[in-house]
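Scroll down for the structure; my scribbles are underneath it.
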Amino acid sequence: MDKLQKFVFDILTSKEVTLVIGYENGSANKPRPAFIREPSDSERLVFNEKCVLNLTVYLGTHCTNNPGKVAIFATLPALCSILQLASEHQIQTADLLVIYCKSNDEFEVFDDINKIEELVCKEEVVIDSKNSVLIETISKLSVEERFEYWTEQFSKCIKCYACRAACPLCYCTRCTVEINQPQWVHSPSHALGNFEWHIMRAMHMAGRCLNCDACANACPVDIPLNLLTKYMIRDIKEKFGEYTFSVNKGNLLSTFKPDDKETLIR
Amino acid sequence: MARIGVFICHCGENIGATVDCAKVAELSSRLEGVTYSVDYKYMCSDPGQTLIKKTIKEQNLTGVVVAACSPRMHEPTFRKACSEAGVNPYMVEMANIREHCSWVHDKGEATTQKAVDLVHMMVEKVKNNKPLQSIKVPVKKAALILGGGIAGIQTSLDIANAGHKVILVEREPSIGGHMSQLSETFPTLDCSQCILTPRMVEVAQNPNIELISYAELESLEGFIGNFKAKIRKKARSVDEKACTGCGLCTTKCPSRKIPSEFNENMGYRTAIYVPFPQAVPNKPVIDRENCTYYKIGKCKICEIVCPTKAIRFDQEDEIIEKEVGAIVLATGFNVLGTDFFPEYGYGKYKDVITGLQFERLASASGPTLGDIRRPSDGKIPEKIVFIACAGSRDPAKGIEYCSKICCMYTAKHAMLYKHKVPNGDASIFYMDIRAAGKMYEEFVRRAITEDEVHYIRGRVSRVYEKNGKLIVKGADTLLGGMPVEIEADMVVLATAGVASQGAEALAQKIHVSYDTHKFFTEAHPKLRPVETNTAGIFLAGACHAPKDIPESVSMASGAASKVIGLFSKSEMTREPLIAIVNRSAPPVYSSCAGCFLCISACPYQAIEKEELKDHRGKIMKTVAKVNPGLCQGCGTCVAFCRSNSIDIQGYSNEQVFAEIAALLNNDTV
Amino acid sequence: MDIEKYVILKPSVDAILKSLLASGKTIVAPVRKKDAVCFEKIDENSTVADDFVQTKLSLKSFAFPRYEKLFGFNKSQKNVTVNDFDFKQIPEIYLWGTKPCDASGFLALNAIFNWDFKDAIYNARQEKLTIITFSCFQSDENCFCTSVGGGPGGTAGSDILFTKVGDEKYIAEVISEKGSRIREQFSEFFLPTEAELKKEQYLAKIDQLLDKEIIKERLENFFESEIWKKQSERCLGCGACAYVCPACGCFDIQDEKSANQGSRIRCWDSCGFSQFTVHASGHNPRASQSQRWRQRLSHKFSIMPERLNVVGCTGCGRCSRACPVDMNLLEHLTSIMKMNHDG
Amino acid sequence: MEFEPKIVAFVCNWCTYAGADLTGTSRIKYSNDVKIIRFPCTGRIDFMYLLKAFAEGADGIIVSGCHPNDCHYTSGNFHARRRWMVFEGLLNFIGIDSRRIVFSWISAAEGAKWAELVNKTVKSIQELGPYTQYQKVAGTFKKEVTNG
């Protein structure tokens, strides 16, 4: 039993929590979500660099139905997610124990959301070099070429909404694509429908995107969706100076500063 | 199926000369949903309106499009006309074919086509319009006035005299505010108290006014017409009903060396005290910080001497709940203390005083009974220097604005000094003289010419003490910045007017916006100067910005008339063009996901949380709810809501989609 | 018709492809793109990929597109004209290099689209397909065709099946009328079969791990079982599995309109979506993900065999590969197998 | 003949719509290629409307409201401004030509500025030509849909 498993074993035995959301090894030893209720099952848990899936996507459904406190494995983006979800009144942090995992025997435990905020404040949201390069390359294209690039990418989209399902912040009970009066987004996966869907999705992530890549990792046809939101993170940093997560700060688009940049005004 | 009537107005030549109105009518008639269309010379004229009404009945129309001038001009006219003929006013739209078409384009095919397109757009919109009923909000006809200075007094009296209940809450033991501290008032030099105290008495005697002094607002909930206020009435330690205000206690109280706030700390008061002789209510308060009994547990002399046994040492703060329909903020302002100015000695020098302190010196009821005497040694100053704009208009000090009253009261002070010390010498350092106001400029001139006050245009760089004198170092910019040095006996700083302390906390408590200087912000700088952005809360006097008495009083009456207007009906009627969060049957209840970010997007605090319960009363979902009493219909929340759970009546998403589609697909017509 | 066996040489197979292309036929075949192999319309210069286990998407979209306009209408002033579905627009397509699992997928779809109502549009598209299949000589841990009645050399659903035997030779099995038409067109290439030649030894080895009969029988008794909650706990409720599945036939009808025109569109849908079964009233008979997961499995492995007598799964393993949270179908079915008779 | 672009203007009722009224009352002539849709406030304008306008065949879009601090609702235009700053970035990155969207503040007093803005916009859209690239994409839901 490694430290992490031991810890989970203990909190389940002591009944401090009744459910632990973590990772276990799935097919081909790829990590997958695991829901542990029995101390004995804590051996199944793993944590390694392959554990990228953002487990906070389960917080809404699994915590509301769960009797008692829930513990969850969290990576840095997941911590941001918890702050954002709390600020959007989607989770009760009171019955949540957050296990910030660095490795299977190095982790930090939080039961106070403010402590999480303190930690997250210190960590700047950074775009990894691989994607930064991609964003650069795309930005260098002519506007028509960029449109062609995305037309091709979006043409792969089959509208399975795995991106939506995997995103912890896509929690709406009725997504805008499901409204047809008026038809905000054309639901068939034709070119227009796909453009509308992906632009809307990105806009709804403005200032909220956790930079966790859940959307892109979930996409069965490998559309680099995360580039859209990653670009926006960069753009927002440039235009509004900061990109942070907070329980009480309010959302980028639901707040304003009188002296915000307005470079686009003609 | 929609039955829409389209009415094309020639507006005489205004439209007719450029747009082929007959053709527009002809083409419009072909639009799907249009059952009748006609053009006429003047639609807004009586025959024009009659034509519309007649057609509505004959064709039993469900909607109307009037293609004429700007809706900002005649929308109300035509909506009224149609509703008289039985069509819901919100089923009526206007196509602006004058300001946006005939007046800005040349005569021709294209212009006529554009007119048709605009009609087409509105026809499609009307198809998606829904009949709306105007919103009724009950109004509790009682007003809460916060602050009993001249502004609060004026508002209270105006509202009370209009026959409505008023609750006037004052933080201090007595009403009167800063005006009660003033000696004379510019530009007439009549005694401040002589004009104020009668008003104070009126307040006390007006049966419609409930005066709650020595009290503060604890909390506020509700919205326009329906506020619930909790007021904390601080323990006076005196039973107001029993007390006759004879004042015996104050004469017998042993602790007598407490600096008097009313006299700006230049005189003394007792521990049980009435701020000033004409106080209203004229009932003493025990200052528990300084009362011997509260400090060491014995004394109680006041209790012994009190003929009516009105002293209550065990009295506690009391929370009073009031229901009111409107609130007026009249919490006034403060002035900076001399300690704010390092260059003028950090308030170390006893004889460097503020304008307000000078008022007390000059006041017959003041510590010197109206003689101008130096606080330090009580000598009558032979040379006195007034420094205007002490802090004001000084970005370096964080105060960019002009305090507005200083120019006038400084002139007044100089005059008063000269009247009391005829052979004395008064100089005023100023930046500009701002004497805009009836008889104001004349007043300043009098100071200069008749009373020989020296006006020196320039700033004072430093004031320091040198063998019993105050050396004022400055420059005269009119003499090319020539250095000026005056050996003064006394220096009066016209310190900047600033927000009254606690203003920010109050603003947050009741959700009104305030500026960087903590002054409350008006709803519109030009057109809604006495309203706040929170419906039902109004502004009067210097809590909005520094103001002189006449301005405060007129603003107070302005606020009062707004309140009286609101109280003129038992129900407030509002246009139904407001945002609505959708609701549906269980198990869905609403598509709102309850992120409540809309709350921060709303400029009017109109969005609240609502708990939706099942038939057993179990909370199923907590979702957003728009308060129809507060929503002004800007639609910011609508555009913000990610799940599109909020829509706005009259500019609904369906209507906008229809307009866009119609405007860009004009190949049908 | 009975399956006819032939031998055909590699160059001849290539020649058939070439001459079909030359004759201007629409050929869809697997092509290697930078990130993956996918089926697309090819031309003379394209190189057909043959060394891959599985494409991300199945071939069902060629009979059952992601979206298709059933009919449209135009408004001009007050009169409306309806434009019915134009069957002539349906292209004739040769699906070259199909995998046996994809070919058999069409049998499931045929059953679905002809169960009670005969779906003219689907059938018309299906008619226009000629399915030229190549047996699998490689597989991965997600493949389980043999467990659901198929196999790396399965003939079901194909018109012709080529099985590579050695480097230069193929066994050609002509399965249908469409198949024999090709054989007749290129009869010189189709050589008589060689008795000793058995395709089995050349096929990918895929162990049979399940018994579809037992699974069917289990599912019928497991309706109330706890296993659905357990298995679906991590399911995110997206449509990935259904959309990559060659045998999923669920669709949604959408109306799209602009100011003066509109169309009725059929597009893919998935029983995994929470909104899939929501009634107009707001009531949702399958309110929880576990109910939806149960539906997905029951439909494929119990209801379809029962009513359409075909399994709704070809064992292609795409769903397992596509799932963001590793809802591994084979694993779940195995655990159902392992459970005792009544849950 | 010269290309006549289809341009929609999304404007707020209190400033720009009134400003355009003033253009009329002042009889200042401008191009008739621009047609106005009236909103209570720029804060009301959903970013999806811009996409819809392009999908319906707009070649250009004008979005205009009250100057900062002049908003009838005090902060609607501030919210809008943030929305557009973010949206513009995204559109650029996706390759939707933001030169086709003109954001502006026009007060009720700036009738002349409105005419100027319209003419400037028409000119620049004419230079860009019809927005065929997006209309091709939009066509997919208008024209016949064949194999996915």
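Quick caveat: nothing in here was measured; it's all calculated off a predicted structure. Throughout, a chain's letter reflects where its sequence line sits, starting with A, and its residues are numbered from 1.
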*Side-chain (D:Arg82) to main-chain (A:Leu252) donor-acceptor, under 3.5 angstrom*: yes

*Test log, rule side chain to side chain contact (heavy atoms under 4.5 Å, CB included), inputs A:Val143 and D:Arg99*: CA-CA 10 Å; A:Val143 68; D:Arg99 287 172 304 178; 4.3 Å; yes

*Examine whether an atom of A:Ser142 lies under 4.5 Å from a heavy atom of chain D, and if so say whether it belongs to the side chain, the backbone or both; otherwise answer neither.*
neither

_Against the six-membered ring of D:Phe93, is A:Arg146 placed for a cation-pi contact (under 6.0 Å from the centre, within 45° of the normal)?_
no

*Would the number of heavy atoms belonging to other residues, nucleotides or ligands and lying under 6.0 Å from NZ of D:Lys123 be above 12?*
no

*Between the main-chain N or O of A:Leu264 and the side-chain N or O of D:Glu88, is there a donor-acceptor pair closer than 3.5 Å?*
no

_Structural part of A:Asp260 lying under 4.5 Å from a heavy atom of chain D_ = both

*Identify which part of D:Ile106 has an atom lying under 4.5 Å from any heavy atom of chain A, answering side chain, backbone, both or neither.*
neither

*asked:* With a 4.5 angstrom heavy-atom cut-off, is it the side chain or the backbone of A:Leu227 that approaches chain D, or both, or neither?
replied: both

*asked:* Just so I know, are the side chains of D:Met48 and A:Val185 near enough to count as touching, which here means a heavy-atom distance under 4.5 Å?
replied: yes

*Give a yes or no on whether the backbone of D:Val86 and the side-chain of A:Lys239 come within a donor-acceptor separation of less than 3.5 Å.*
no

*Taking every heavy-atom pair that is under 4.5 Å apart, which of A:Phe195, A:Trp184, A:Tyr231 has the most such pairs with chain D?*
A:Tyr231

_Structural part of A:Gln153 lying under 4.5 Å from a heavy atom of chain D_ = neither

*asked:* Does any backbone or side-chain atom of D:Phe78 lie under 4.5 Å from a heavy atom of chain A? Answer side chain, backbone, both or neither.
replied: both

*asked:* Counting C-beta onward and ignoring hydrogens, is there a side-chain heavy-atom pair between D:Arg83 and A:Phe256 closer than 4.5 Å?
replied: no

*Hey, are the side chains of D:Leu90 and A:Met203 touching, using non-hydrogen atoms and a 4.5 Å cut-off?*
yes

*Drop me the distance from D:Lys52's NZ to A:Leu192's CG, to the nearest 0.5 angstrom.*
6.5 Å

*Contact class of A:Tyr149 relative to chain D, heavy atoms under 4.5 angstrom*: neither

*Under a 4.5 Å heavy-atom cut-off, does chain A meet the side chain of D:Asp46, its backbone, both or neither?*
side chain

_From CZ (A:Phe147) to NZ (D:Lys136), nearest 0.5 Å_ = 7.5 Å

*Who wins among A:Glu145, A:His198, A:Lys257 for the most heavy-atom pairs under 4.5 Å with chain D?*
A:Lys257

*What part of D:Ser98 lies closer than 4.5 angstrom to a heavy atom of chain A: side chain, backbone, both or neither?*
backbone

_At a 4.5 Å cut-off on heavy atoms, which part of D:Tyr134 comes close to chain A: side chain, backbone, both, or neither?_
both

_Interatomic spacing from CD1 in D:Ile94 to CD1 in A:Ile199 - rounded to 0.5 Å_ = 4.0 Å

*asked:* Need one label for A:Ile158: side chain, backbone, both or neither, based on atoms under 4.5 Å from any heavy atom in chain D.
replied: neither

*asked:* Are there over 12 heavy-atom neighbours, none belonging to D:Lys29, within less than 6.0 Å of that residue's NZ?
replied: yes

*Which of the residues A:Leu228, A:Thr263, A:Ile236 is involved in the greatest number of heavy-atom pairs with chain D at under 4.5 angstrom?*
A:Leu228

*Are any side-chain N or O atoms of D:Arg81 and backbone N or O atoms of A:Glu262, one a donor and one an acceptor, separated by less than 3.5 Å?*
no

*asked:* With a 6.0 Å cut-off (strictly less than), is the heavy-atom count around CD of A:Glu144, excluding the residue itself, greater than 12?
replied: yes

*asked:* More than 12 heavy atoms of other residues, nucleotides or ligands under 6.0 Å from CD of A:Glu136: yes or no?
replied: yes

